[in-house]
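Just so it is clear, the structure is predicted and the values come from calculations on it, not from any experiment. All ligand and atom numbering here is 1-based and tracks the order in the structure.
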Amino acid sequence: MDQILNYIDGKHFEPVAGKYLENINPAEGKTYGMLPDSDAEDVKLAVKAASAAFASWSAMPLSKRSAILLAIADLIDRDLDKLALAESMDQGKPLKLAKAVDIPRASANMRFYATASMHTSSESHFMEGEAINYTTRTAIGVAGCISPWNLPLYLFTWKIAPALAAGCTVVAKPSELTPMTAYLFSKLCIEAGLPAGVLNIVHGLGGKVGQAIVEHPEVRAISFTGGTVTGKTIAATAAPMFKKLSLELGGKNPNLIFADCDFEQAVSTSINSSFSNQGEICLCGSRILVERSLYQKFVDEFVKRTKELTVGDPLDEKTRVGALVSEGHMNKVLSYIDLAKKEGGKILCGGKRVVLSGRCATGYFVEPTVVVGLDQSCRTNQEEIFGPVVTIMPFDTEEEAISYANSNAYGLSATLWTENLKRAHRVAHQIKSGIIWVNCWLLRDLRTPFGGMKQSGIGREGGWEALRFFTEAKNVCIKL
Ligand code: TXE
């Protein structure tokens, strides 16, 4: 098994202090490798390399920069099987999911921004008889990209690709829980001919490496995806230094099922939006709200299909629900199930840790869990659980559904199920979330703005939004 190393100035290095952390395979609950326990010294070296590389990378012709990023995308596709296996072992997700979603999306991210940057244009504003203005957008400098453990390479590339395409150089930190694919990615960058220092990857803990990236005065922008509590710390650190910030934080997303929906599609997609990736997706619809006339029918069918989901070895083709990312996270999810019971919830299925036999006997598995009987304001319905746990509640009117959907501090995404077009527009307009899906879920066009309202963060990723984030506008006014 590969020893994970930092990637700084185009080469792999041991951490300066020589310390390492254990990398655990969550399906087995066992250590299977080590990763650098880096600190501020490693970050300093990475920022130095990124700063030195900035002038030439940002001045490189777009077509040349684009070609390098496209070469990385091709190498990701070539190594699909290897990367998917690494992702599954590191994260606990079904191998099948990593092969179908995570890794293809990582190469799509690279390709999307490699080509998007070729289509940018500058604006010009003509002042009749007086002056002409033109606005340029130039790369902001060294960007810090900090990503989480739920969709490791997918979200790592979602940040790095626009930053590099915009002409920034990058110091990146993947989650310490899932470092492997970022390490393999660094090898692909070398193979693709990415110039030294353009991308630097420092592995280690958030409080040490992440914090040092955010604090470093030469890092001009921070793109972060992770928990809301961490987002607050980052915002507090970065604000006095006037850094640009993009924070994609948690969600507690409502999934609204109206009685006039296409029942089969609503149920089958809701199973995915509840339990895909073990519920460890910030977009999962963990609060299901069903119009009362359909409530019992929906609950019966949803519970029946939840019970049919196979929890098992992530490498097994039949597995739909793999392992949770860590023991700590599994215990957090189980504690929320206890809380739901204490708050008066009734567990209709699931609710317990799953103990498998063989290789996965000490893995971190939890049954897909459905809870009913809770009110909107209880903690179970207010806080992000980020696991295979959903609540189902009835509503009587459209107004009530909207008010329940909005009765939460988060505002990332929402899903609506209705065949009534007018209703779909009306409700979508009134829900305070950055992303609304009508009769679908997780259907993504990479050109669209992606991000949340309220406690779900600030800023938007995706499309031009991300390229704007990593650049600064400059207006030049010329008197005629
Ligand atoms: O994430 P953290 P955690 C939610 C989910 C989860 C909760 C906590 O509810 O249960 O957050 O998860 C780095 N400065 N989401 O604590 O810590 C860290 O090393 C800079 C939702 O595991 O936010 C990692 O690389 N960086 C989410 C990254 O932040 C710091 C995905 C995310 O980890 C840092 C993950 C610091 N002070 C969790 N402290 C989503 N939006 O998809 C930590 N990090």
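- For Y410, there are no ring-ring contact (aromatic ring centres under 6.0 Å, His included) partners two or more places apart in sequence or in a different chain.
- In this structure W149 satisfies the ring-ring contact (aromatic ring centres under 6.0 Å, His included) test together with H329, F386, sequence neighbours excluded.
- Residue-environment remark: NZ (K244) exceeds the threshold of 12 foreign heavy atoms within 6.0 Å.
- Under the 4.5 Å side-chain criterion, counting only non-hydrogen atoms from C-beta, K252 is not in contact with Q382.
- Just one of S246, S223, S147 meets the side chain to side chain donor-acceptor pair (under 3.5 Å) condition when paired with K159; it is S223.
- Residues passing the ring-ring contact (aromatic ring centres under 6.0 Å, His included) test with Y20: none are found, sequence neighbours excluded.
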What are the atom names and distances for all N or O pairs under 3.5 Å between ligand 1 and the protein?
residue, atom, partner, partner atom, Å
ligand 1, 9 (O), E384, OE1, 2.6
ligand 1, 10 (O), K332, NZ, 2.5
ligand 1, 14 (N), Q211, N, 3.4
ligand 1, 17 (O), T230, OG1, 3.2
ligand 1, 19 (O), K173, NZ, 2.8
ligand 1, 19 (O), E176, OE1, 2.6
ligand 1, 19 (O), G206, N, 3.3
ligand 1, 22 (O), W149, NE1, 2.7
ligand 1, 23 (O), G227, N, 2.8
ligand 1, 23 (O), T230, OG1, 2.8
ligand 1, 25 (O), S147, O, 2.8
ligand 1, 25 (O), K173, NZ, 3.2
ligand 1, 37 (N), Q211, OE1, 3.0
ligand 1, 41 (N), G226, O, 3.4
ligand 1, 41 (N), L249, O, 2.8
ligand 1, 42 (O), N150, ND2, 3.4

